[in-house]
Amino acid sequence: MNVENGYLARPLDLDAVQAFVLVADLNSFTRAAEALDTTQSAVSLKLKRLEDRLGRRLLERTPRRVRLSTEGAEFLGAARELLDAHERAVNGHVGTRMSLRIGISDQAAGTDLPLLLAKVGAYDRSLRIEVRIGPSYGLVSAFDRGEVDAAFVCRDGARTDGERLFVEPYAWYAVPDWEQRADEPLRIASLAAPCTVRAGALKTLDDAHIPWTEVFVGGGLPAVVAAASAGLAVAPLPRRVCPPNLVDIGDRLGLPRLPMTEVVLYNRATDTRTREAVRVLAAALRAATGG
């Protein structure tokens, strides 16, 4: 019989352990609550009870951020192992892994895709995740055809369905010493057409009667960022994907403001585990963008 401090040791609350892991991964009580489809106050209560049960402070909370305490960092590995063991106990008899097919556009993922997928994988290690990267229009079509279970894409103005995840500002980024010659059109780097962000950016230039020429077309967002970083062109980008050597030069060049980009989720996952994984990815994406 296991006795602790004069009374029978109680097993840890797995829901509280799961909440702790999500708060640690997402650095936010709010995003963890979204992933668990509950309230922030409920997550806070679970964490307080877990800390009371362990007799340790697992998280350091400030008005602006949440981070692991030293003891929390030490507990995190054991917490993951506990959740893995529980998952094996519940689903160990299942012969094949459950699959989740995700489509995510370059603009939605930014440059954080490996980190985002790591958070989903850490949440449910027994889940088989298939990821398709591509332009928003193609992923929405794939969703409509039933080829992916969830699609994270930029809103196409022709559609009003889907769940809004966040709205992100874009601006004109280039190297700090970029100079625009008066006798030349604006040199642009962008993703290949058709692309919602590209189309919106070029329309703003046309509406402002600013001549432009596309000098670099990237097959992915990292390629467009690289072209701008190399000083080849100006690129319509969100701040979160830009390295320190890129700056917003829109005001200096008198360029028009870019339209906001709305990132939405199309989701048909129905079983509990895949829906939870989609919620974790959506919460991780919001956390990465500050959305």
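In this chain, residues are counted from 1 in sequence order. All heavy atoms count here, side chains included; hydrogens, waters and symmetry mates do not.
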Could you tell me whether the side chain of E262 and the main chain of R155 form a donor-acceptor pair under 3.5 Å? no
Verdict with supporting geometry, R240 and E168, salt bridge (Lys or Arg N to Asp or Glu O under 4.0 Å): CA-CA 10 Å; R240 66 184 166 106; E168 186 167 38; 2.5 Å; yes
Looking at CG of L22 and NZ of K46, how far apart are the two atoms once the value is rounded to the nearest 0.5 Å? 11.5 Å
Indicate whether any N or O donor in one side chain lies under 3.5 Å from an N or O acceptor in the other, for S190 and E214. yes
Check: E60 main-chain N/O paired with R57 side-chain donor or acceptor under 3.5 Å: no
Common cluster, L68/V43, ILVMFWY with side-chain heavy-atom separation under 4.5 Å: yes
For N245 against P176, the heavy-atom pair lying closest together: O-CD, 3.1 Å
Do S105 and L221 touch side chain to side chain, with heavy atoms closer than 4.5 Å? no
Side chain to side chain contact (heavy atoms under 4.5 Å, CB included) for V148 and I102? Distances and angles first, verdict last. CA-CA 6 Å; V148 295; I102 295 172; over 6 Å; no
Within the structure provided, determine whether W178 and R252 are in side-chain contact (heavy-atom separation under 4.5 Å). yes
Contact summary for L191 and R198, nearest pair of heavy atoms: O-CD, 3.1 Å
Given the options R275, R101, R268, D149 meets salt bridge (charged side-chain N to carboxylate O under 4.0 Å, His left out) only with R101
Would you say that L12 contacts R53 through its side chain, given a criterion of any heavy-atom pair below 4.5 Å between the two side chains? yes
Close side-chain approach of L186 to T213, heavy-atom, < 4.5 Å: no
If you group Ile, Leu, Val, Met, Phe, Trp and Tyr by side-chain heavy-atom gaps below 4.5 Å, do V241 and V217 land in one group? no
Do any N or O atoms from the side chain of E74 and from the backbone of S69 form a donor-acceptor pair under 3.5 angstrom? no
Side-chain heavy atoms nearer than 4.5 Å, only ILVMFWY residues, links allowed to pass through others: does that put L205 and Y170 together? yes
Nearest-0.5 Å distance, OG of residue S44 to CZ of residue F29: 4.5 Å
Quick check: closest heavy atoms across P169 and V167, and the distance to 0.1 Å? CD-O, 4.1 Å
For the residue pair Q40 and T30, confirm or rule out a side-chain donor-acceptor distance under 3.5 Å. yes
Are any of the side-chain heavy atoms of S229 and P243 separated by less than 4.5 Å? yes
Supply the atom-to-atom distance W172 CH2 to I249 CD1, rounded to the nearest 0.5 angstrom. 9.5 Å
Distance col, row D248:CG vs L255:CG, nearest 0.5 angstrom, shows 9.0 Å
Taking every heavy atom of N267 against every heavy atom of A269, the minimum-distance pair comes out as OD1-N, 3.0 Å
R187 side chain to L232 main-chain N or O, any donor-acceptor pair under 3.5 Å? yes
Enter the distance from D144:CG to Y266:OH here, rounded to the nearest 0.5 Å. 8.0 Å
Just to verify, which of L58, D15, L59, L45 counts as forming a side chain to side chain contact (heavy atoms under 4.5 Å, CB included) with L50? L58
Path from L285 to L36 over hydrophobic side-chain contacts below 4.5 Å: yes
Using the side-chain hydrogen bond (donor to acceptor under 3.5 Å, both in side chains) definition, which of the options R56, R49, K48 pairs with D52? K48
The test is salt bridge (Lys or Arg N to Asp or Glu O under 4.0 Å); show your working for R286 and E34 and say whether it passes. CA-CA 10 Å; R286 283 192 178 110; E34 290 173 357; 3.2 Å; yes
Within a strict 4.5 Å, meaning less than it, do heavy atoms of the T261 and T196 side chains meet? no
Can you find a heavy atom in the side chain of V264 that is under 4.5 Å from one in the side chain of L165? no
How close do A235 and V224 get, heavy atom to heavy atom, and via which atoms? CB-CG1, 3.8 Å
Can you list the steps and then say if F20 with F75 is a ring pair (Phe, Tyr, Trp, His ring centres under 6.0 Å)? CA-CA 10 Å; F20 163 71; F75 177 65; 5.4 Å; yes
What are the two closest non-hydrogen atoms of A150 and L265, and how far apart are they? CB-CD1, 4.1 Å
I'd like to know whether V263 forms a side chain to side chain contact (heavy atoms under 4.5 Å, CB included) with Q107, so could you lay out the CA-CA distance, the side-chain angles of the two residues, the decisive distance to 0.1 Å, and finally the verdict. CA-CA 8 Å; V263 174; Q107 293 97 335; over 6 Å; no
Side chain E147, main chain S141, donor-acceptor under 3.5 Å: no
Hey, any chance I133 and L237 share a hydrophobic cluster, counting ILVMFWY side chains that come within less than 4.5 Å of each other, even indirectly? no
Do Y137 and V153 come close enough that some side-chain heavy atom pair is under 4.5 Å? no
How many angstroms lie between atom CG of L258 and atom OG1 of T204, to the nearest 0.5 angstrom? 5.0 Å
